[in-house]
Each structure stands twice: as C-alpha cells, then as structure tokens.
Amino acid sequence: MPTTMNAASALDEPTVESALSITGQVRQPLSLSLDDLREYESIVAAPFDLRCFTTKRFIRNVGGYRGARLTDLIEKAGLLNESPTDFKRMVFIAAAHDGYAVTFSWHELFNTPIGENVLVAYECDGRPLAVEEGAPILFSGSDRHSAPRHVKRLARIVARLLAP
Ligand SMILES: Nc1nc2c(c(=O)[nH]1)N[C@H]1C(S)=C(S)[C@@H](COP(=O)(O)O)O[C@H]1N2
Ligand SMILES: [Mo]
C-alpha cells in the first residue's frame with residue numbers, strides 16, 4: 001500500500017524504496033515505490049514515436065506503457081486549497097533524479113482530456129521497466145512532441161500555488 005510521510009522527509013532524496021514523492025500543496029504527502037504504483041488502476045498508452053521538441057528529430061519508437069494515472073496519484077495525496085478557487089492557479093512540477101523538470105497545470109490535468117493520458121509508467125509491452133531503463137517514467141500521451149514530457153526516473157511531483 002502507498003505509505004504516508006511528513007512534509008520534511010518528503011523533501012529528502014528519494015530512496016530506492018520510495019521512488020516517487022508527491023509533496024507541496026497536498027493534504028497527505030505520498031512516497032510511492034514502483035510496486036506501490038501497481039496498487040492504482042492502470043492504463044495502457046499506445047506505442048508512439050519519441051520526438052525531441054528542440055531538434056524536432058525522431059529518437060526512437062517506444063512500445064505500450066502501462067502505468068498509473070498522474071491524476072489518481074494527485075487525488076490520493078489530496079490538494080490543499082485554503083480558498084475554493086485556489087486550484088485554478090495551481091501547477092505541478094514533475095522532476096527527475098537528474099534535475100530535469102516539466103510542468104502541468106491543474107486545468108490541463110483535471111479540466112482537459114490531456115490529463116486522462118498522463119501516466120507514471122512501470123511496464124512497457126507487458127514487461128516491467130527497470131530503473132536503468134528510466135523507471136518510473138512520466139509520459140504525457142497527448143503531447144505533439146513526446147520527448148519533453150517523457151521524464152525518465154521521475155523523482156517527485158510538487159503541487160504549487162502560483163501567486164496571482
Ligand atoms: N530524466 C530526464 N528525462 C528526459 C530528459 C532528461 O534530460 N532527463 N530529456 C528529455 C528530452 S529533451 C529528450 S529529447 C528525451 C531524450 O530521450 P533519450 O535520452 O532516451 O534518447 O528525453 C526526455 N526526458
Ligand atoms: Mo529533447
């Protein structure tokens with residue numbers, strides 16, 4: 001089962017057992033191992049061409065990922081909103097162990113179809129993904145250029161309220 005953790009330890013470098021943390025403006029910070037991700041409903045993405053945004057180059061074809069929906073993980077942690085409209089200016093930073101980071105907005109994830117296709121993958125074509133292959137991999141299946149939000153070795157999701 002997913003374990004809970006306090007906000008201070010959530011900021012520490014994730015260990016192998018706690019591959020991914022969900023922190024920031026949440027009710028219950030989470031620390032999830034690759035096995036914990038399997039406790040959530042899984043979705044399978046269609047195979048796709050990995051394409052870099054900067055160079056526009058085709059990198060390689062990638063098989064069908066299986067993973068948990070990012071929105072399900074965020075809902076489990078629960079958003080902490082002091083005012084009922086706070087979530088409208090909330091963003092999520094998804095950062096990898098190497099410091100690579102991308103963003104999602106609350107609207108994108110919860111108020112457009114893009115969110116339905118954002119997964120944290122632990123399997124590819126029915127085979128478990130190894131940490132050496134980048135597990136867990138965050139992947140946004142609706143993006144035009146697939147590589148930017150194809151984040152290998154996802155380490156944390158941080159929920160942040162932007163100042164108006
Ligand atoms: N963790 C992590 N994921 C990442 C990146 C990175 O630097 N670190 N670069 C992104 C970009 S810009 C590209 S083009 C692809 C490159 O994929 P590859 O390294 O598997 O060829 O990974 C994406 N995911
Ligand atoms: Mo890229």
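In listed order, ligands and their atoms are each counted from 1. Source: prediction; values computed, not measured.
For the pair Glu133 and Lys152, the salt-bridge criterion is not met [side-chain N within less than 4.0 Å of a carboxylate O].
If you check the side chains of Thr85 and Ser83, you find a donor sitting under 3.5 Å from an acceptor. In this model, a donor atom of one side chain and an acceptor atom of the other lie less than 3.5 Å apart for Ser33 and Asp36. Ser21 and Arg156 form no side-chain donor-acceptor contact under 3.5 Å, judged by distance and modelled atom types alone.
Using modelled atom types, one side-chain atom of Asp98 and one backbone atom of Tyr100 make a donor-acceptor pair closer than 3.5 Å.
Every pair tested for ring-ring contact (aromatic ring centres under 6.0 Å, His included) that includes a residue from residues 111-134 fails, sequence neighbours excluded, so the list is empty.
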Are there any protein N or O atoms under 3.5 Å from the N or O atoms of ligand 1? List them with distances, or say none.
unit_1, atom_1, unit_2, atom_2, d
ligand 1, 1 (N), Asp98, OD1, 3.3
ligand 1, 1 (N), Asp98, OD2, 3.3
ligand 1, 1 (N), Lys152, O, 2.8
ligand 1, 3 (N), Lys152, N, 3.2
ligand 1, 8 (N), Asp98, OD2, 2.7
ligand 1, 19 (O), Lys152, NZ, 2.6
ligand 1, 20 (O), Arg60, NH1, 3.2
ligand 1, 20 (O), Arg60, NH2, 2.7
ligand 1, 20 (O), Lys152, NZ, 3.2
ligand 1, 21 (O), Arg60, NH1, 3.3
ligand 1, 24 (N), His150, O, 2.6

